[in-house]
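Taking it in order: structure first as structure tokens, then the write-up.
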Amino acid sequence: MTSTADDGADPVDLLVVGAGPAGVAAAVMAASLRMRVTLVEAVAVGSKVAAIGALENVPGGWTTGPQLAEALVADVARQRESGRVTLVQGRATAVKGYDDRAEVALADGQLFTAATVVVATGVTTLTPWDVDWVEAAEALHTSPLWRSTPEEVAAREVVVLGADRPLGTWLRAHPHADARFRVLHPAHDTYKTAEVEDDPRVRFDLVERVEIAARRGGGYDITAYAPDGTSHPTITADALLANLGSKPAALPGLVTGPDGYCPPHAQHPRVLVAGDLKGARMQRIAVALGDGGRAALTPYYGSLGTAPGLFRP
């Protein structure tokens with residue numbers, strides 16, 4: 001673990017876990033209110049969005065993930081120069097709220113304390129082994145659809161597993177790409193297909209389950225079963241891309257719902273959740289940016305009327 005902070009024992013006004021869009025927005029908002037902030041990130045500022053090939057619906061003219069990631073890095077650098085934000089590289093392992101404080105434990109044994117914690121650890125990408133409708137050998141390699149480029153899919157027979165939102169984003173971001181996507185998806189993804197069902201580059205197949213086998217020499221043989229139990233003819237594909245959705249990256253200590261996400265009202269008053277971690281329906285970068293700022297404002301307004309420097313939710 002490499003840390004850019006001093007010992008974590010000294011309490012600050014706000015601890016932010018996760019330096020993606022929501023976490024950086026929370027840190028920037030809090031710093032503008034003269035709150036002392038410690039920002040904890042396991043990998044690098046903006047590392048998740050940096051891997052996204054194309055963006056849309058994000059104000060500011062950002063069209064790729066690396067562009068937005070660079071902006072987030074610059075935002076954090078400015079706040080560090082102001083002296084109000086300390087960046088710590090380390091993996092948070094637990095969060096806990098108390099009557100007078102909140103704490104975040106790191107994998108290396110450090111314990112950070114603050115008046116309030118904002119957890120913005122977001123989500124991680126589902127793999128074929130995380131869903132019950134895909135059967136495949138553990139050695140099977142799939143890449144996320146949102147990381148693929150037009151050059152990688154051009155003139156190839158590509159099977160996409162799942163009809164999650166990145167499919168529409170990819171197609172709209174690359175309107176002239178020579179792509180042929182056969183999308184196999186379960187019933188719970190059907191409502192997401194409407195936004196791109198008229199795109200001639202896509203064919204949708206509703207399936208109950210699929211079986212995937214890698215071919216010697218490259219490519220895949222896929223058996224897809226319809227909801228009535230009948231199987232489609234074997235599908236051959238040059239490439240296989242995963243578009244299965246995401247799962248919450250919830251820290252131990254957070255209260256989770258049946259879907260694994262973290263409802264804000266269920267958390268300790270000093271532990272706030274922001275961005276994609278809150279639920280599956282509102283997962284957009286623009287929403288995360290706004291929600292991170294909102295999370296920082298919550299303890300600030302809760303502190304009005306108290307002694308300076310105390311930020312109580």
- Query: Does the side chain of W170 pick up a donor-acceptor pair with the side chain of S148 at under 3.5 Å?
  - Reply: yes
- Using distance alone, with no hydrogens and no angle criterion, decide if E157 and T236 have a side-chain donor and acceptor under 3.5 Å apart. no
- Excluding L244, membership of its hydrophobic cluster (Ile, Leu, Val, Met, Phe, Trp, Tyr; side-chain heavy atoms within less than 4.5 Å) reads L126, W129, V131, W133, V134, L140, V159, L161, L184, V207, V210, I212, Y220, I222, I235, L240
Short side-chain to backbone donor-acceptor contact, [X] and [Y], under 3.5 Å:
| X | Y | answer |
| --- | --- | --- |
| Q89 | E41 | no |
| Q267 | V255 | yes |
| R147 | S143 | no |
| E81 | R78 | no |
| T93 | A105 | yes |
| T298 | R294 | yes |
| Q110 | L106 | no |
| R201 | A179 | no |
| D13 | R36 | yes |
| R209 | D132 | no |

- Count the heavy atoms belonging to other residues, nucleotides or ligands that lie under 6.0 Å from NZ of K96, then report whether that count exceeds 12. no
Side chains of [X] and [Y], heavy atoms from C-beta outward: is any pair under 4.5 Å?
| X | Y | answer |
| --- | --- | --- |
| T86 | L39 | no |
| P21 | L72 | yes |
| L55 | I285 | yes |
| V123 | L277 | no |
| E103 | V95 | no |
| F112 | V88 | yes |
| Y300 | M35 | yes |
| T64 | I52 | no |

Linking I/L/V/M/F/W/Y whenever their side-chain heavy atoms sit closer than 4.5 Å, directly or via other members, would [X] and [Y] fall into one cluster?
| X | Y | value |
| --- | --- | --- |
| L297 | V28 | yes |
| V119 | V12 | yes |
| V58 | V45 | yes |
| W62 | W146 | yes |
| L171 | V183 | yes |

[X] [atom1] to [Y] [atom2] distance, which is reported to the nearest 0.5 Å:
| X | Y | atom1 | atom2 | result |
| --- | --- | --- | --- | --- |
| E135 | T223 | CD | OG1 | 10.0 Å |
| L14 | R84 | CG | CZ | 14.0 Å |
| L33 | Y301 | CG | OH | 7.5 Å |
| T124 | D130 | OG1 | CG | 7.5 Å |
| N57 | T169 | CG | OG1 | 6.5 Å |
| R182 | L241 | CZ | CG | 15.0 Å |

- For L251 and V17, what are the C-alpha separation, side-chain angles and deciding distance, and is it a side chain to side chain contact (heavy atoms under 4.5 Å, CB included)? CA-CA 10 Å; L251 282 182; V17 184; 4.1 Å; yes
Non-hydrogen atoms of [X] and [Y] that approach each other most closely:
| X | Y | result |
| --- | --- | --- |
| E208 | A226 | CB-O, 3.6 Å |
| V37 | A30 | CG2-CB, 3.5 Å |
| A295 | L272 | O-CD1, 3.4 Å |
| A22 | G275 | CB-CA, 3.9 Å |
| D189 | A163 | OD2-N, 3.0 Å |
| H174 | P150 | ND1-CG, 3.4 Å |

- Message: Let's go through L167 and F181 carefully: what are the C-alpha distance in whole Å and the side-chain angles of both, what is the deciding distance for side chain to side chain contact (heavy atoms under 4.5 Å, CB included) to 0.1 Å, and is it a yes or a no?
- Response: CA-CA 10 Å; L167 175 64; F181 292 151; 4.0 Å; yes
- Apply the test side chain to side chain contact (heavy atoms under 4.5 Å, CB included) to residues F204 and V196: give CA-CA distance (whole Å), side-chain angles for both, the deciding distance (0.1 Å), then the verdict. CA-CA 10 Å; F204 290 104; V196 292; 3.7 Å; yes
- Check the pair H185 / T190 against side chain to side chain contact (heavy atoms under 4.5 Å, CB included), numbers first and verdict last. CA-CA 7 Å; H185 69 90; T190 300; 3.5 Å; yes
- Message: Holding to salt bridge (charged side-chain N to carboxylate O under 4.0 Å, His left out), I want the full list of residues that pass it with E195, two or more places apart in sequence or in another chain.
- Response: R165, R172
- Single hit among L289, D75, V85 for side-chain contact (heavy atoms from CB on, under 4.5 Å) with V24: D75
- Salt bridge between K278 and D276, side-chain N to carboxylate O under 4.0 Å? no
